[in-house]
2 protein chains.
Amino acid sequence: MTTQAIRKTRNPEQTRSDLLDAAYTEILESGYQAASLERILANTSVSKGALYHHFGTKRELGLAVIKEVIAPQLAARWFAPFTEHDDPLASLQRILEEKIRTADESVIRYGCPLNNLIQEMSPLDEEFRRGLQQILELWVEVMATALADGQQAQKVRADVAPKEVALFIVAAIEGCVGLGKNAQSVEAYQRCLRQLQLYVQSLAA
Amino acid sequence: MTTQAIRKTRNPEQTRSDLLDAAYTEILESGYQAASLERILANTSVSKGALYHHFGTKRELGLAVIKEVIAPQLAARWFAPFTEHDDPLASLQRILEEKIRTADESVIRYGCPLNNLIQEMSPLDEEFRRGLQQILELWVEVMATALADGQQAQKVRADVAPKEVALFIVAAIEGCVGLGKNAQSVEAYQRCLRQLQLYVQSLAA
DNA sequence: TTGACAAGATACCGCTTGGTCGGTATCTTT
DNA sequence: AAAGATACCGACCAAGCGGTATCTTGTCAA
């Protein structure tokens with residue numbers, strides 16, 4: 001016989017979304033493997049029963065965080081701006097300028113959630129890897145397409161290989177975040193992105 | 001009363017070094033937090049008592065791996081080649097060419113031990129962060145010095161800022177490894193490094 | 001109004017984890 | 001040879017982990 005501390009009103013979608021948010025934060029702070037379900041529950045005042053009602057395993061929760069939290073977040077912050085104009089280099093410069101301007105301690109502290117999970121999980125779990133890879137490929141594709149369009153519009157040098165350069169730029173971005181994170185220095189992060197800006201500039205026709 | 005399975009001959013240095021090697025591998029495969037002491041012991045046939053004789057805590061073992069295994073390894077593979085010649089860009093191209101040529105599944109599978117630990121540990125443990133930062137700073141410094149020397153010798157464009165560019169190159173390298181790791185694709189890794197080569201080439205006077 | 005099911009609660013479980021501790025064997029010193 | 005320090009052994013421990021079982025309660029269609 002148990003007395004239950006019942007939530008007044010039910011709201012399964014809210015519960016699910018609360019769990020995803022808390023899990024996202026916990027994973028960002030501790031990594032996936034070290035993420036504690038107990039801690040996630042404590043931060044949501046959701047019960048373990050509710051958690052396992054919505055997600056079959058910790059793994060499922062982690063995969064859902066990738067698909068439903070991280071992917072949309074990156075899409076909004078990095079992909080979307082490209083589709084707005086016909087000069088991809090200008091778009092990219094604007095994005096980078098924005099990142100440099102708004103860089104603060106929170107970005108530098110925990111780094112890029114995508115990159116964090118890549119380094120930790122991609123050798124350990126094939127499904128995690130594929131989820132992350134999907135985001136990465138979309139990112140590269142969006143950028144490559146924009147670069148190719150830019151070539152048509154004579155804004156981008158004809159000798160650049162769009163896919164290759166897009167891949168490199170994504171790599172450089174992740175690298176910059178990573179270095180800034182370890183230096184715990186907003187300034188180092190900004191200096192690194194500035195060099196990337198110079199590189200992007202050199203791609204102009 | 002316990003009967004002990006004694007090692008015929010004592011060899012503390014060997015034991016310590018065995019532990020460091022096994023810990024390095026375990027950390028590379030699982031990350032630091034998920035690294036299991038039991039598994040390390042199983043791979044070394046060293047007893048738990050011996051481990052805790054040489055290292056006070058798991059943390060000490062991890063820090064020792066950074067200082068005594070990862071740091072020298074990176075120094076040998078990435079720093080040393082710079083001091084050999086007076087044309088830093090040529091040195092760098094040679095290093096990158098070598099990396100592209102010898103890229104194999106093992107590099108792509110587990111990525112860069114330095115980068116892995118950065119993403120996982122730098123927000124969680126200040127001493128880990130400092131140990132990793134020391135390696136990073138040395139790397140950047142070696143490269144920056146080489147670039148500055150290259151400017152003196154008129155081999156490097158006068159308008160490049162050595163420290164900034166060195167930082168960016170290190171970031172780009174880590175980024176390339178990271179992307180290759182998640183793509184599980186030697187080819188993606190190579191393509192990414194090729195773009196870095198083109199960038200390095202553009203620095204020539 | 002009621003039956004069926006979704007949603008949520010909580011006590012509990014087996015297992016692994018990093019770490020401890022009393023003890024023993026070997027090596028060095030005197 | 002005695003003694004003291006160093007190296008090593010392995011049983012044990014508390015805590016935290018992800019996961020399960022069993023229960024109650026809210027919701028809504030029939």
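Residue numbering restarts at 1 for every chain, and letters A, B, ... go by the order of the sequence lines. Source: prediction; values computed, not measured.
Neither OP1 nor OP2 of dC8(D) sits under 4.0 Å from any side-chain N or O of His53(B). Contact check, Ser47(A) against dG8(C): no side-chain N or O comes under 4.0 Å of OP1 or OP2. Dashed line: the shortest gap from a side-chain N or O of His54(A) to OP1 or OP2 of dA6(C) is not under 4.0 Å. At dG8(C), one or more side-chain N or O atoms of Thr15(A) fall inside 4.0 Å of OP1 or OP2 (strictly under the cut-off).
Closest-nucleotide positions on DNA chain C for Gln33(B) and Gly49(A) were compared, and the one nearer the 5' end corresponds to Gly49(A).
If you measure from atom CD of Glu38(A) to atom P of dT16(C), you get 18 Å, rounded to the nearest angstrom. Look at CD on Glu26(B): it is 13 Å from C1' on dG18(C), rounded to the nearest Å. Whole-Å rounding puts the Ile40(A) CD1 to dG16(D) C1' distance at 14 Å. At whole-Å resolution of the value, CG in Leu51(B) and C1' in dT20(C) are 13 Å apart. The separation between Tyr52(B) atom OH and dG18(C) atom P is 7 Å, rounded to whole Å. Rounded to whole Å, atom P of dG16(D) lies 15 Å from atom CG of Leu41(A). Computed from coordinates, the Glu60(A) CD to dG18(D) C1' distance equals 14 Å when rounded to whole Å. Across the protein-nucleic acid pair, Asn11(A) atom CG and dA9(C) atom P stand 12 Å apart, rounded to whole Å.
Checking Gln197(B) against Glu97(B) by side-chain atom types alone, a donor-acceptor pair falls below 3.5 Å.
Considering only the side chain of Arg39(A), dC17(D) comes nearest among dC17(D), dG18(C), dC8(D). Taking the side chain of Ala50(B) as heavy atoms from C-beta on, and the options dC9(D), dA7(D), dG18(C), the nearest nucleotide is dC9(D).
Looking at heavy-atom distances under 4.0 Å, Ala34(A) makes no contact with the nucleic acid at all. The residue Lys58(B) sits close only to the backbone: its heavy atoms come under 4.0 Å of sugar-phosphate atoms, none of a base.
With Asn182(A) as the partner, the side-chain contact (heavy atoms from CB on, under 4.5 Å) test is satisfied by one option alone out of Asn115(B), Leu114(B), Ile118(B): Ile118(B).
The base of dG19(D) sits within donor-acceptor range of the side chain of Lys48(A), with an N or O pair under 3.5 Å. With hydrogens and angles left out, the side chain of Arg10(A) and the base of dT27(D) share no donor-acceptor pair within 3.5 Å.
Note that Lys99(B) lies outside the cation-pi zone of Tyr189(B), set by a 6.0 Å cut-off to the ring centre and a 45° limit from the axis.
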Working note: Lys163(A) + Glu141(A), criterion side chain to side chain contact (heavy atoms under 4.5 Å, CB included); need CA distance, chi angles, decisive distance, verdict. CA-CA 7 Å; Lys163(A) 282 190 175 181; Glu141(A) 191 195 303; over 6 Å; no
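Summarising the geometry of Ile40(B) relative to Thr44(B), their closest heavy-atom pair is O-OG1, 2.9 Å, with the distance given to 0.1 Å.
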